[in-house]
*Asks:* 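One structure, pasted below without further comment.
Keep in mind that this is a model prediction, so the values were computed, not measured.
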Amino acid sequence: MTKRKIVLAFSGGLDTSYALVDFREKGWDVVTANVDTGGLHSGEAEVVKARAEELGAVEHHVVDARAELYDRVITYAIKANYLRNGAYPSCVGAERLIQAEKVVQVALEVGADAVAHGSTGAGADHVRYDAVIRALAPHLEIVTPIRDERLTREGETEFLRSRGYEVSEKVKLYSINEGLIGTSIGGEETYGSWEYLPESAWTYTKSIDEAPDKGVELLISFEAGEVTSAVTVAGDALPTDHNYSILSALNTLGGEHGIGRGIHMGSTMVGNLARVGFEAPGMLILLAAHRELEKLVLSNRQQATKATLGNTYGDLLHEAVYFDPIMDDFRAFLDSSQRRVTGTVRVLLHKGNIVLLGSKSPYSLLDAATRSGVVYGHGSSLWTGEQARAFAHMYSVPGAIARAAATPAE
C-alpha cells in the first residue's frame, strides 16, 4: 500500500521539527518545503536541509521567494506607510501569504494528499496559512498537530530529545521568525505585558549602548513611491542587484546602529491580545523616509485619505485577506497616489534613532509655493494684509458661534 504524502512548511525550528517526526511516526511520507522570504543567511539553507533529512523527510525543497515577496507585498506596504497599530511593520506575518502559496505549489507538484504547518492556535499564523491553502487548493487536507493537540514547547522538546534529536536552548526558550520585513521574537517575557526581552533574545540588532557613537547619514531615493537607491554621504552605495537588496542591506546597517527594536501589543485576528518582540531596522528606515517625502509632494487631502486607506489595506494584508477583489482596488489607489512621490530624503541613523534631515523632489509643493511668492512665516505676494485679516475673521466664525451656543441665553 502506497503511503500518503504530506508537504510540511519547514523552517527547522522546534514546532516544524516536532511535526516532521510526528508525521513520519504516523506513517506519512513527509516532503519538506523551506520557503526563503529573507530568513536564510549564508549556509543556513544547507543546515535546514540537513535537519529535514536527519528527521526523516523523503524530499526537501528550497524555494527562494524574496523577490516575489518584495514585489507583491513589501512595495505596497511602503506605499501604504503601513505599521500595525502605528508601530509594528507586520514582521513575518505578511510574509506567510507568500510562504503558504509556495508550499501549495510544492504540494501540487509532488502530488501530495495534504499540507501542514507548525502554527499554534493562539496566534494569527494558522489562520493565514489556512486561508491561503483553502483559496488555492481546497482539495488538500490541512494537518496541524501543534494547533490541534495544543502542544507546549517543553512537550515538543521532550518528544524530540526522547528520540535522540538535539534541541538548542534558545530554540526551546524563544520562537524566532526572520524575514525581509523583520524578525519576530516570542518568549516568556512577551506572554505578559510588563517584562522586556533580555539582550540575549535579540538576534542581530545592537543595543543603543553598543551602537557606534558616530552615526551614518544616508541619501535614500524614490521614484513613483519605490526605493531606487541608498547611498551614504561618504559615497558608498547599498547594493541594488535584486529588488530587495536595499532593504536587506538596511536591515544590517540599521541593526549596527541600534535601529529597529520594539515590542508590539495588539489584538490578533482571532480576538485575543498578543505581544511580540520585533527587529525591523530596514523597514522602519524606509517607511520613515517615504512618509517624509510624501509630506513634501502630496496634498493634505491625499495624505489624509492615504492614511486611512493605506492602514486598511495593511491590516487586510496582515490578516491574509489577499484574494478579495478589494485588494486590487486598494493597490490601484496606492499606485495612483505615488505618481509624484519621487525624490531623495536625507536620513541619519544614530544610536537607535532615525533622524530625518531633509528632503527634495522635482514635485515639491514647498518649492512650488516659494516660486509662487508664498514663504511661510514671511508673508505672500498672493494676498494682501487686508485679505489675510478677512480670512482669519471668517475662519474664527464657526468657533465663536459654537462658543455662544454653549452659553445659555438669558
Side-chain angles (χ1 to χ4, degrees), residues 9-16 33-41 44 48 63-70 72-78 80 82-85 87-103 117-133 144 146-147 170-171 174-187 190 197 201-205 244 247-248 250-252 254-255 260-270 274-284 286-287 314-322:
F10 187 75
S11 67
L14 179 60
D15 293 326
T16 56
N34 184 213
V35 183
D36 183 12
T37 52
L40 293 179
H41 301 288
E44 291 184 359
V48 175
V63 183
D64 187 348
R66 291 173 293 177
E68 190 170 347
L69 168 69
Y70 190 88
R72 291 174 53 196
V73 174
I74 295 175
T75 55
Y76 284 97
I78 293 172
Y82 180 66
L83 290 171
R84 181 80 165 179
N85 294 328
Y88 179 52
S90 189
C91 298
V92 183
E95 299 175 6
R96 297 301 189 219
L97 159 73
I98 302 296
Q99 292 172 344
E101 281 192 0
K102 298 307 177 185
V103 170
H117 55 85
S119 303
T120 71
D125 279 347
H126 72 111
V127 181
R128 296 184 179 107
Y129 268 111
D130 283 19
V132 173
I133 295 166
T144 54
I146 312 301
R147 172 177 62 183
K170 188 163 186 177
V171 168
Y174 294 98
S175 176
I176 298 173
N177 295 282
E178 183 178 355
L180 276 173
I181 299 175
T183 298
S184 69
I185 306 168
T190 62
L197 287 169
W202 304 103
T203 65
Y204 67 94
T205 57
Y244 55 82
L247 173 58
S248 182
L250 284 174
N251 278 331
T252 300
R261 290 186 182 184
I263 294 188
H264 172 253
M265 183 162 59
S267 295
T268 71
M269 296 156 58
V270 296
R275 190 166 178 253
V276 65
F278 66 89
E279 298 171 288
M283 198 66 177
L284 292 179
L286 291 179
L287 286 171
D315 280 345
L316 292 175
L317 185 68
H318 179 81
E319 296 169 3
V321 182
Y322 190 81

*Asks:* To the nearest 0.5 Å, how far apart are OG in Ser267 and CG in Asn85?
*Replies:*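 Rounded to the nearest 0.5 Å, the OG-CG separation comes out at 7.5 Å.
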*Asks:* Could you tell me which non-hydrogen atom of Ala77 sits nearest to which non-hydrogen atom of Met283, and how far apart they are?
*Replies:*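 Minimum heavy-atom separation between Ala77 and Met283: CB-CE, 3.7 Å.
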*Asks:* Please name the pair of heavy atoms, one in Gly282 and one in Leu247, separated by the smallest distance, quoted to 0.1 Å.
*Replies:*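 Closest pair (atom of Gly282, atom of Leu247, distance): C-CD1, 3.5 Å.
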*Asks:* Using modelled atom types and a 3.5 Å cut-off, is there a donor and acceptor pairing between side-chain atoms of Asn34 and backbone atoms of Ser11?
*Replies:*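 Here the side-chain-to-backbone pair does not exist.
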*Asks:* Please name all residues satisfying ring pair (Phe, Tyr, Trp, His ring centres under 6.0 Å) with Tyr88, sequence neighbours left out, ordered by chain then number.
*Replies:*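 Listed in chain order: His264, Phe278.
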*Asks:* Would Val35 and Phe10 count as a side-chain contact (heavy atoms from CB on, under 4.5 Å) here? Give the steps.
*Replies:* CA-CA 8 Å; Val35 183; Phe10 187 75; over 6 Å; no
*Asks:* Less than 3.5 Å apart, any donor N or O on the side chain of Thr37 or Gln99 sitting next to an acceptor on the other?
*Replies:*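 Yes, because at least one side-chain N or O of Thr37 sits under 3.5 Å from a partner of the opposite role on Gln99.
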*Asks:* With sequence neighbours left out, write down each residue that passes side-chain contact (heavy atoms from CB on, under 4.5 Å) with Thr120, or none if nothing qualifies.
*Replies:*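 So Thr120 forms a side-chain contact (heavy atoms from CB on, under 4.5 Å) with Ala122, Ile146.
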*Asks:* With the threshold set at 4.0 Å, does a side-chain nitrogen-carboxylate oxygen contact exist between Arg72 and Glu101?
*Replies:*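 Yes, charged N to carboxylate O under 4.0 Å.
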*Asks:* Holding to side-chain contact (heavy atoms from CB on, under 4.5 Å), I want the full list of residues that pass it with Asn177, two or more places apart in sequence or in another chain.
*Replies:*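 Residues passing side-chain contact (heavy atoms from CB on, under 4.5 Å) with Asn177: Val92, Arg96, Ser175, Ser184.
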*Asks:* Minimum heavy-atom separation for Ala100 and Tyr129, please, with both atom names.
*Replies:*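 Looks like CB-CD2, 3.5 Å.
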*Asks:* How about Val276 and Ile185: do any of their side-chain heavy atoms sit closer than 4.5 Å?
*Replies:*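 A side-chain contact under 4.5 Å is absent here.
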*Asks:* Test Val127 against Thr268 for side-chain contact (heavy atoms from CB on, under 4.5 Å), laying out the working first.
*Replies:* CA-CA 10 Å; Val127 181; Thr268 71; over 6 Å; no
*Asks:* Can you list the steps and then say if Leu180 with Arg66 is a side-chain contact (heavy atoms from CB on, under 4.5 Å)?
*Replies:* CA-CA 8 Å; Leu180 276 173; Arg66 291 173 293 177; 4.0 Å; yes
*Asks:* Is the shortest heavy-atom distance from the side chain of Arg147 to the side chain of Asp15 under 4.5 Å?
*Replies:*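 No, side chains not in contact.
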*Asks:* Who passes salt bridge (charged side-chain N to carboxylate O under 4.0 Å, His left out) against Arg84, sequence neighbours left out?
*Replies:*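 Per chain and number, Arg84 pairs via salt bridge (charged side-chain N to carboxylate O under 4.0 Å, His left out) with Asp315, Glu319.
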*Asks:* Applying salt bridge (charged side-chain N to carboxylate O under 4.0 Å, His left out), can you list everything that pairs with Arg261, at least two apart in sequence or on another chain?
*Replies:*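 Partners of Arg261 by the salt bridge (charged side-chain N to carboxylate O under 4.0 Å, His left out) criterion, ordered by chain and then number, come out as Glu199.
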*Asks:* Work out which heavy atom in Tyr204 is nearest to a heavy atom in Asn251; give both atom names and the distance.
*Replies:*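 That would be CE1-O, 3.4 Å.
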*Asks:* Who pairs with Tyr70 by ring pair (Phe, Tyr, Trp, His ring centres under 6.0 Å), at least two apart in sequence or on another chain?
*Replies:*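 With neighbours one apart ignored, the set is empty.
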*Asks:* Hey, does the side chain of Arg128 reach the backbone of His318 with a donor-acceptor pair shorter than 3.5 angstrom?
*Replies:*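 Checked: pair present.
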*Asks:* Yes or no on side-chain contact (heavy atoms from CB on, under 4.5 Å) for Thr144 and His126, after CA distance, side-chain angles and deciding distance?
*Replies:* CA-CA 8 Å; Thr144 54; His126 72 111; 5.9 Å; no
*Asks:* With salt bridge (charged side-chain N to carboxylate O under 4.0 Å, His left out) as the criterion, how do Lys102 and Asp36 come out once you've worked through the C-alpha distance, each side chain's angles and the decisive distance to 0.1 Å?
*Replies:* CA-CA 10 Å; Lys102 298 307 177 185; Asp36 183 12; over 6 Å; no
*Asks:* Between atom OG1 of Thr190 and atom CZ of Arg275, what is the distance when rounded to the nearest 0.5 Å?
*Replies:*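 Those atoms lie 7.0 Å apart.
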*Asks:* I need the minimum non-hydrogen distance between Ala9 and Val103, along with the two atoms involved.
*Replies:*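 The answer is CB-CG2, 3.7 Å.
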*Asks:* Is there a donor-acceptor pair closer than 3.5 Å between any side-chain N or O of Glu279 and the backbone N or O of Thr205?
*Replies:*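 Side chain of Glu279 to backbone of Thr205, a donor-acceptor pair under 3.5 Å: yes, one is there.
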*Asks:* If you measure from CH2 on Trp202 to OG1 on Thr183, what distance do you get to the nearest 0.5 Å?
*Replies:*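 Going from CH2 on Trp202 over to OG1 on Thr183, the span is 10.0 Å.
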*Asks:* Could you give the distance from CD1 (Ile181) to CD1 (Ile78), rounded to the nearest 0.5 Å?
*Replies:*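 Ile181 atom CD1 to Ile78 atom CD1 measures 9.0 Å (nearest 0.5 Å).
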*Asks:* Considering all heavy atoms of both residues, which atom of Asp125 and which atom of Ser119 are nearest to each other, and what is their separation?
*Replies:*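 Heavy atoms only, the tightest pair is CB-OG, 3.5 Å.
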